[in-house]
**Student:** 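Just dropping this structure here.
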There are 2 protein chains.
Amino acid sequence: MARRAQQTTRTGILAIAQEAGVSPSTVSRVINGTAGVTDEKRKAVEAAIAKYHYEPNRFARSLVTHQSHIIGILIDRSIRYATANTLVQLEEVASNAGYMSVTLTIDKPWKVSLQRALAQLRSLSIDGLVVIAPRVGLADALAASGVQWPLVIINSLLLPYAHGISVVGEQQLEASKHLTEHLIAQGYTRIWHMAGSADWHDEQQRALGWKQALQEHNLERFGKLIQCTWSAQSAYQAIMAEDFSDGMPDAIFVASDHMAYAAIAALRARGIRVPEDIAIAGYDDAEGSIFLDPPLTTIKQDLPAVARTAMYTLLQKIEGKPTDDVVAMEAQLIVRQSSIRAQQKCPPRDSNPEPTSSQAWWLQPNLFYHPFF
Amino acid sequence: MARRAQQTTRTGILAIAQEAGVSPSTVSRVINGTAGVTDEKRKAVEAAIAKYHYEPNRFARSLVTHQSHIIGILIDRSIRYATANTLVQLEEVASNAGYMSVTLTIDKPWKVSLQRALAQLRSLSIDGLVVIAPRVGLADALAASGVQWPLVIINSLLLPYAHGISVVGEQQLEASKHLTEHLIAQGYTRIWHMAGSADWHDEQQRALGWKQALQEHNLERFGKLIQCTWSAQSAYQAIMAEDFSDGMPDAIFVASDHMAYAAIAALRARGIRVPEDIAIAGYDDAEGSIFLDPPLTTIKQDLPAVARTAMYTLLQKIEGKPTDDVVAMEAQLIVRQSSIRAQQKCPPRDSNPEPTSSQAWWLQPNLFYHPFF
DNA sequence: GCGTGACGGACTAAACAAAAT
DNA sequence: CATTTTGTTTAGTCCGTCACG
């Protein structure tokens, strides 16, 4: 009972109308710029609004407009660390555009979980929906559920969906292929892949890129896939358990940098040197990778850019503007010493060119960009 | 005009009532458990609800109840990587308790930014508010703004606020002190601190803990604080720029693990060995720290637990139950080789005891806990 | 125990009044 | 004077809740 909301006779549109000496609908017009209003009356209304710090009640408004200026965000509960800040970016772009966002977590089984979440979002009359769908199955469940809102899916499986749903993601297949080709170019032939959880699109794309590169160079028979989960621990254990009796690999493309750290530590524990004995490459360009000894070859994902682009795309859709069905973003190969055959001393700092300063507003946080992202 | 909301004759309470052969108010009663309803009718209604996946429109409801079952979350835009998943945890606890949460990002200047955000939240009639306020100034601006909701602040400055506002955070001061004392116990005397951004409470607490430990052991005159930002780059540059002409430190307590990685790399580049020449300790227990060579001494933060506790505390407040004004959570010192004087070979995996399985529901994600967190 | 009907606060179509052509 | 243009009001609507009968 203490929770009973305050009785604040919240200044309504009626009060403003009286104060300004006009009818409520005129006030509405001033607020929404719907139709012409005399300058005189407009000013009177604006004065009244300012005087009372009036803000129209969202509920009452949404009840009739079926719009809420709220955007739904659905995230797969099992997101990895890297994905977590995707969320922050989404919020931020939405925030800047004057939208609020509500986030819901979903998990397997997709169908029921999704049903529940969608019902909740529906009850909020959200204007649009972004779904972070790294695991296989979610995107399909979504398509099957017949979502009725503008929808953008963040996913590395860059295939078009039906109904004008957009997919935004990074070209992980291509990036992984480049990375593998880099290893091949270094002269490595026995190139293995240490895989993250197999039910992730990200993993599937990475494995596929690796495989394709091997196939094109006729090296497939030397390849081997070691199945792990995304956890560093699984990577460590996998290396410790591997008996290498059929011969050691030259190089291992590890599915994530964090796994690569663990793999390197395990190799070290077994007396195997990197990169002298085995070259290692990772994926993610995690914060520590450049400072590792040896610095880790990897692929830099610009997750913040993906997130911002996804939200921007959604905002376009909401405004009825045309959008691409598939937005593929490039991932960048970063070669460092962990995959270089001829050891050469060089300074540990990257000499990466500054990213081209794009003018697109949604890519530019309006203040500084924290280097952790 | 394409944006005109879909006409979907959204199944309303009326449709359910007809389907079940009762009046709308009976449906309302079933949903809210307001008054007694015959078992027979109740079942009919429940069946109808299930059939149509009906979910009452929150806006229509809130319009009259003045309650929304929505919780606001305010986050400082400049949150670090570690903070990002705090957000996920907040959402999850709220969602388990049947609340939805809307998130807004704020930034300096606090006052105007806050004003804007609060106005938005007010228009949503949120039931409560959680603020992630790592930077100095936000919490004060909040207190000054006279927020009218139940409010919980996540912040490492564990001081009570007025008006029954609760603060939840980790005891970073104590943890940093312990860490510094550990260094002292190892026999180090010239212990420096490499600081993160000075306008963060986290940094201030860490620096203070370091300072207090030095003072209590009369080692303050050997200490030196190197001011950096949280970025790894700043740490790297700081080490490279340091001329050590007044003597080298024995040990450096670096404000974050990611900075520590960079510091170690920079020291290595200058031919200084860790820990033989200088011991290093970090803070955060980032994913890679255990696999570093040498494994990094650090402090493990349980940010998920902080977040869950904060949300739980807020829920208590909302329900009118008493809560503590300050909830201080412990942070755990993890000693690894980077700070150990007598080098001793040991396996790189921690033998940390499993965290005591607390029974508190808000601390237990209902499915698995991804190892990345 | 259950149905009827009056709200809640803002939007909007249609009806009306005033000014301009 | 009749006809458009422009501005304004009236009444009905959105979807639940709650006091009453």
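In what follows, chains carry the letters A, B, and so on, assigned in the order in which the sequence lines appear, proteins first and then strands, with residues in each chain numbered from 1.
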**Student:** B/Ile31 or A/Ser25: which one's nearest nucleotide on DNA chain D is closer to the 5' end?
**Tutor:** A/Ser25

**Student:** Just checking A/Thr38: base, sugar-phosphate only, or nothing, at a heavy-atom cut-off of under 4.0 Å?
**Tutor:** sugar-phosphate

**Student:** Is there a side-chain polar atom (N or O) of B/Lys41 under 4.0 Å from OP1 or OP2 of C/dG3?
**Tutor:**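 Result: yes.
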
**Student:** How about A/Arg58 and A/Ser68: does a side-chain donor come under 3.5 Å of a side-chain acceptor?
**Tutor:** no

**Student:** Within the structure provided, determine whether B/Asn57 and B/Arg61 are in side-chain contact (heavy-atom separation under 4.5 Å).
**Tutor:** no

**Student:** When all nucleic acid strands are considered with a 4.0 Å heavy-atom cut-off, which category describes A/Val37: base, sugar-phosphate, or nothing?
**Tutor:** sugar-phosphate

**Student:** Give a yes or no on whether a donor-acceptor pair under 3.5 Å exists between the nucleobase atoms of C/dG9, that is its base, and the side chain of A/Arg58.
**Tutor:** no

**Student:** Do B/Gln89 and B/Met311 have side-chain heavy atoms sitting under 4.5 Å apart?
**Tutor:** no

**Student:** From C/dG9, D/dA19, D/dT9, pick the nucleotide closest to the side chain of B/Leu63?
**Tutor:** C/dG9

**Student:** Heavy atoms, side chains only, cut-off 4.5 Å: are A/Ile154 and A/Val131 in contact?
**Tutor:**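 Not touching, per the 4.5 Å side-chain cut-off.
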
**Student:** Starting the side chain at C-beta, find the nucleotide from D/dC14, C/dC11, D/dT17 nearest to A/Ser28.
**Tutor:** C/dC11

**Student:** Using a cut-off of 4.0 Å on non-hydrogen atoms, how would the nucleic acid contact of B/Val22 be classed: base, sugar-phosphate, or nothing?
**Tutor:** sugar-phosphate

**Student:** Among C/dA10, D/dC15, D/dT17, find the nucleotide with the atom closest to the side chain of B/Ala60.
**Tutor:**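 Selected nucleotide: D/dC15.
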
**Student:** Between A/Asn32 and C/dC11, is there a contact of a side-chain N or O with OP1 or OP2 at under 4.0 Å?
**Tutor:**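 For A/Asn32, the contact criterion (side-chain N or O under 4.0 Å from OP1 or OP2 of C/dC11) is met.
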
**Student:** Among side-chain atoms of A/Thr105 and B/Glu91, is any donor-acceptor pair under 3.5 angstrom?
**Tutor:** no

**Student:** Quick one: label A/Ser23 by what it contacts on the DNA or RNA (base, sugar-phosphate, nothing), any heavy atom closer than 4.0 Å.
**Tutor:**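 If one applies the 4.0 Å heavy-atom cut-off, A/Ser23 turns out to touch a base.
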
**Student:** Dot-bracket for DNA chain D, 5' to 3', with Watson-Crick and G-U pairs under 3.5 Å, [ ] for crossing pairs and | for other-strand pairs: what is it?
**Tutor:** ...|..|||||||||||||||

**Student:** Checking the side chain of A/Ser145 only, and the main-chain atoms of A/Leu142 only, is there a donor and an acceptor separated by less than 3.5 Å?
**Tutor:** yes

